[in-house]
Amino acid sequence: MKNLIKISDEALYINECLALIESPSTGGLNFFVGTVRNKTQNRSVKQLLFECYKPMAIKELQKISTEARQQFKIQNIVIHHRVGLLEVGDIAVIIGVSAAHRDAAFQACRYAIDTLKETVPIWKKEIFTDGEVWVSAHP
C-alpha cells in the first residue's frame with residue numbers, strides 16, 4: 001500500500017500518478033484531474049496562483065489519504081497538487097485511487113477531492129483579464 005503526496009511548483013503528470021498506484025491486484029483505477037479553465041462566472045481567466053503553507057498542507061493531504069483508506073477498500077492513493085502561477089489548461093491537482101473494485105475507487109476519489117477543498121490550506125487567486133481576486137476554497 002502506498003500513500004503518495006506531493007506539492008510542487010512544477011508541472012504535474014497523470015502518467016506519473018498512474019505508475020505510482022497501478023498494481024496487478026487492482027481492478028479499478030479512478031482519477032480526478034483539476035485543470036485551469038478559461039472562464040469563471042463570466043469573467044475571462046488569465047492565470048491562477050496557488051499558495052500554501054506546505055508543512056500543514058502535506059499533513060492534511062496525508063490525513064485525507066489515511067481516512068480514504070479507512071473508509072473505502074482501496075489499495076493505493078496518490079494526491080499531487082501544484083502551487084505557483086498556472087496558465088489556462090495547466091493541471092492544478094491530480095488524485096488517483098486504485099482498488100480491487102470500481103465503486104471503492106470512485107467513492108474514495110470523490111471523498112479525497114471534496115475533503116481537500118474543505119480542509120487543506122491551499123489558497124487560490126484568480127487572475128482575470130480585468131483584475132484579480134483571492135477566492136474561497138469552498139465553492
Nearest atoms (heavy-atom pairs only) where Asp114 meets Arg110: OD2-NE, 2.8 Å
CD1 (Ile58) and CD1 (Ile7) are apart, to the nearest 0.5 Å, by 4.0 Å
Do Leu61 and Val120 come within less than 4.5 Å of each other through their side chains, counting heavy atoms only? yes
Separation between CG (Asp90) and CZ (Arg82), nearest 0.5 Å, reads 5.0 Å
Phe32-Ile79 co-clustered via ILVMFWY side chain contacts under 4.5 Å: yes
Please lay out, stage by stage, how Glu51 and Trp134 fare under the test side-chain contact (heavy atoms from CB on, under 4.5 Å). CA-CA 11 Å; Glu51 292 185 355; Trp134 285 99; 3.8 Å; yes
Closest heavy-atom pair and its distance - Ala112, Ile64: CA-CG2, 3.7 Å
Quick check: do Thr119 and Lys63 have side-chain heavy atoms less than 4.5 Å from each other? no
Residues two or more places apart in sequence or in another chain: which of them pass side-chain contact (heavy atoms from CB on, under 4.5 Å) with Glu16? Lys6, Tyr13, Leu20, His80
Spell out, yes or no, whether Val135 and Val93 are grouped together once hydrophobic residues are joined by side-chain heavy atoms under 4.5 Å, including indirect joins. yes
Residues which pass salt bridge (Lys or Arg N to Asp or Glu O under 4.0 Å) with Asp103, listed by chain and number, not counting sequence neighbours: none
What one should report as the nearest heavy-atom pair of Cys17 and Val78 is CB-CG1, 3.8 Å
To the nearest 0.5 Å, what is the distance between OG1 (Thr35) and CG (Leu86)? 10.0 Å
Ser98 (side chain) donor-acceptor with Ile21 (main chain) under 3.5 angstrom: yes
Once rounded to the nearest 0.5 Å, what's the spacing between atom NZ of Lys59 and atom OH of Tyr53? 9.5 Å
Distance (rounded to the nearest 0.5 Å) between His81 NE2 and Ile5 CD1: 11.5 Å
Output side-chain donor-acceptor pairs under 3.5 Å for residues 121-133, partner residues at least two apart or in another chain, one line each.
unit_1	atom_1	unit_2	atom_2	d
Lys125	NZ	Glu132	OE2	3.0
Asp130	OD1	Arg43	NH2	3.1

Nearest atoms (heavy-atom pairs only) where Ile77 meets Ala68: CD1-CB, 4.1 Å
Smallest heavy-atom separation, Val36 atom then Glu87 atom, equals CB-O, 3.3 Å
If two hydrophobic side chains count as joined below 4.5 Å and joins carry through other members, does Phe106 share a cluster with Leu29? no
Is it the case that Ser25 and Gln75 place a side-chain donor and acceptor less than 3.5 Å from each other? yes
Going only through I, L, V, M, F, W and Y residues with side-chain contacts under 4.5 Å, is there a path from Leu85 to Phe50? no
Side chain to side chain, Ser44 and Lys39, heavy atoms closer than 4.5 Å: yes
